[in-house]
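Just follow the structure's listing: the first ligand is 1, and inside any ligand the first atom is 1.
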Amino acid sequence: MAVQRTLVLVKPDGVRRGLIGEVIRRFERKGLKIRALKMVWLSREKAEEFYSVHRGKHFFNDLIEFITSGPIVAMVLEGDEAINVVRLMIGATDGRKAQPGTIRGDFALSIQDNVVHASDSEESFEREFKVLFTEDEVVPPY
Ligand code: CMP
């Protein structure tokens with residue numbers, strides 16, 4: 001048992017489609033705790049920092065255009081093995097290949113417009129968290 005924090009985004013397509021509540025509902029029902037939550041519109045600079053591991057890839061520019069195309073909802077979720085649990089719940093990156101029952105499997109039909117993002121490791125969480133939050137925006141455990 002290892003309690004972890006993970007960072008989740010509802011991406012601009014998810015916000016535009018009115019899926020914020022649906023996404024949050026799934027994580028709450030699973031038993032994950034929301035420790036921080038906010039709506040933001042990322043600058044290009046912050047977006048490039050957030051996705052720095054993808055710099056140089058053929059889809060990097062499109063990804064930055066997409067993630068800065070509208071507001072996103074960012075949250076820190078906490079729970080036992082939260083990183084892996086949330087990755088399982090969101091499904092494969094490509095919505096066309098994601099299992100039904102997962103968020104992307106149920107709501108996405110694209111590799112880019114795939115509704116949500118979640119940290120893939122503790123290292124990614126640490127980097128992503130610093131781009132979007134400060135520790136004083138995180139509520140104590142409850
Ligand atoms: P995400 O989980 O946020 O991590 C990086 C994002 O880049 C990914 O979701 C997709 O939105 C996007 N992405 C990954 N691979 C590709 C690709 N081959 N073409 C376009 N976008 C991609």
- Query: Do other residues, nucleotides or ligands put more than 12 heavy atoms under 6.0 Å from the NZ atom of K97?
  - Reply: no

- Cut-off 3.5 Å, side chains only: do Q4 and E78 have a donor facing an acceptor? no

- Note on the structure: For V139, the side chain to side chain contact (heavy atoms under 4.5 Å, CB included) test, sequence neighbours excluded, returns R35, Y142

- Task: Using a strict cut-off of under 4.0 Å between a residue heavy atom and any atom of ligand 1, list the qualifying protein residues by chain and number.
- Result: K11, Y51, H54, H58, F59, L63, T93, R104, I111, Q112, N114, H117

- Message: Using the rule given for side-chain hydrogen bond (donor to acceptor under 3.5 Å, both in side chains), can you reason through T134 versus E137, listing the C-alpha separation, both sets of side-chain angles and the distance that settles it, and then say yes or no?
- Response: CA-CA 6 Å; T134 53; E137 293 176 289; 3.3 Å; yes

- Message: Taking transitive links into account, so neighbours of neighbours count too, which hydrophobic residues share a cluster with Y51 at under 4.5 Å side-chain distance?
- Response: L7, L9, V40, L42, F50, F59, F60, L63, I64, I67, I72, V76, F125, F129, V131, L132, F133, V138

- Query: Could you give all pairs that pass the side chain to side chain donor-acceptor pair (under 3.5 Å) test and reach residues 99-112, with sequence neighbours left out?
  - Reply: R26-D106

